[in-house]
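In this text, all values refer to a predicted model and were calculated from it rather than measured experimentally.
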Amino acid sequence: MDEPDLSRLARTIGEPTRMGMLALLMEGRALTAKELAYGCGVQPGTATEHLKRLQRDGLIESTAQGRHKYYRLATAEVAHAVEALMVVAKPIKVVSPCRRQARGMGAARFCYDHLAGELGTRVTAVLLEREYLVTDGEAMNVTERGEAWFSNFGIDIASLRKRRRRFAYPCLDWSERRDHLGGALGAAMAERMLELGWIERQKHSRVVSISELGHQAMAREFGLVIDSPENDQTVAISS
């Protein structure tokens, strides 16, 4: 039986530029080679070679559209692996000009396609406290009370259960060291909040902005008071 080539995978992920590209793609959207190059501070020609290595090792996939080629993470499992590495990695100081964005990521961001950071973990905690969700080992299940709430919120639980993707699971947050909601349900929650205009994606960043409507809705629906200081981009959350 063949064994996973972990040493090759470690060499691929361990190269700083390639790790940076994977982190950028954790935003959940497809990016061009030029966008990934500029995001990692390398020339487009250099980025191309790194992207080829990531694609050969099955970490990313590409789609051609017109004159452009777009790259995205190959699977949700790749995103989960990257997030898991962030949990165990030793923290380092972030130097300017990335410091502000890094602080914002700790407050509210996307972990591939579901909410992470302080916002994600606090919303998940509320769903558990109200017994809309229960933890069952490495999975999460929706209770009868939760079925009604998610339905009212505009999420079709029955449809999500039919997908091949894992339904719901606790995803350990690298910045909070607590769980946020992952899986198809976590993605549906984030998508619904986007549709409602509660949150907004920042361009080419995993950071999430919370709208004024979102401030009001978070307080009403989850009992969370979200404060965004005018002189800072971080989001402080209290309940």
Just how far is it from atom [atom1] of [X] to atom [atom2] of [Y], taken to the nearest 0.5 Å?
| X | Y | atom1 | atom2 | value |
| --- | --- | --- | --- | --- |
| Asp173 | Met86 | CG | CE | 10.5 Å |
| His68 | Glu35 | NE2 | CD | 9.0 Å |
| Ile199 | Leu213 | CD1 | CG | 11.5 Å |
| Leu36 | Leu31 | CG | CG | 5.0 Å |
| Leu127 | Arg122 | CG | CZ | 12.5 Å |
| Arg72 | Leu59 | CZ | CG | 15.5 Å |

Do side-chain atoms of [X] reach the backbone of [Y] as a donor and acceptor pair under 3.5 angstrom?
| X | Y | answer |
| --- | --- | --- |
| Arg145 | Arg130 | yes |
| Ser211 | Trp198 | yes |
| Thr63 | Tyr70 | no |

Is there a side chain to side chain contact (heavy atoms under 4.5 Å, CB included) between Trp149 and Val142? Walk through the geometry before answering. CA-CA 10 Å; Trp149 185 87; Val142 177; over 6 Å; no
Answer yes or no: is there a side-chain heavy-atom contact under 4.5 Å between [X] and [Y]?
| X | Y | value |
| --- | --- | --- |
| Thr48 | Lys52 | yes |
| Met189 | Arg192 | no |
| Leu119 | Met218 | yes |
| Met140 | Leu128 | yes |
| Leu185 | Leu133 | yes |
| Phe153 | Met193 | yes |
| Ile155 | Glu191 | no |

Under a single-linkage definition using a 4.5 Å side-chain heavy-atom cutoff for Ile, Leu, Val, Met, Phe, Trp and Tyr, are [X] and [Y] assigned to the same hydrophobic cluster?
| X | Y | value |
| --- | --- | --- |
| Val78 | Ile60 | yes |
| Met21 | Tyr38 | no |
| Val42 | Tyr71 | no |

Evaluate Thr46 against Thr17 for side chain to side chain contact (heavy atoms under 4.5 Å, CB included), listing each step before the verdict. CA-CA 9 Å; Thr46 302; Thr17 298; 5.7 Å; no
Taking all non-hydrogen atoms of both residues into account, name the closest pair between [X] and [Y] and its distance.
| X | Y | value |
| --- | --- | --- |
| Ile210 | His215 | O-NE2, 3.5 Å |
| Ala47 | Ala37 | CB-CB, 3.6 Å |
| Gly183 | Arg165 | O-NH2, 3.6 Å |
| Ala33 | Leu51 | CB-CD1, 3.6 Å |

Parallel, tilted or perpendicular, as decided by the 30° and 60° cut-offs, for the rings of His180 and His114: tilted
Is it true that, when you exclude Glu195 itself, more than 12 heavy atoms of the residues, nucleotides or ligands shown sit nearer than 6.0 Å to its CD? yes
Pair [X] + [Y], salt bridge at N-O below 4.0 Å:
| X | Y | answer |
| --- | --- | --- |
| Glu147 | Arg161 | yes |
| Glu83 | Arg109 | yes |
| Asp57 | Arg11 | no |

Give the C-alpha distance, both sets of side-chain angles, the deciding distance and a yes or no for side chain to side chain contact (heavy atoms under 4.5 Å, CB included) between Leu160 and Phe150. CA-CA 11 Å; Leu160 294 179; Phe150 282 108; over 6 Å; no
Test side chain to side chain contact (heavy atoms under 4.5 Å, CB included) on Val126 and Tyr132; report intermediate values, then the result. CA-CA 9 Å; Val126 171; Tyr132 297 157; 6.0 Å; no
Less than 3.5 Å apart, any donor N or O on the side chain of Thr143 or Asn141 sitting next to an acceptor on the other? no
Within 45° of the axis and under 6.0 Å from the centre of the six-membered ring of Phe110, does NZ or CZ of Arg201 qualify? yes
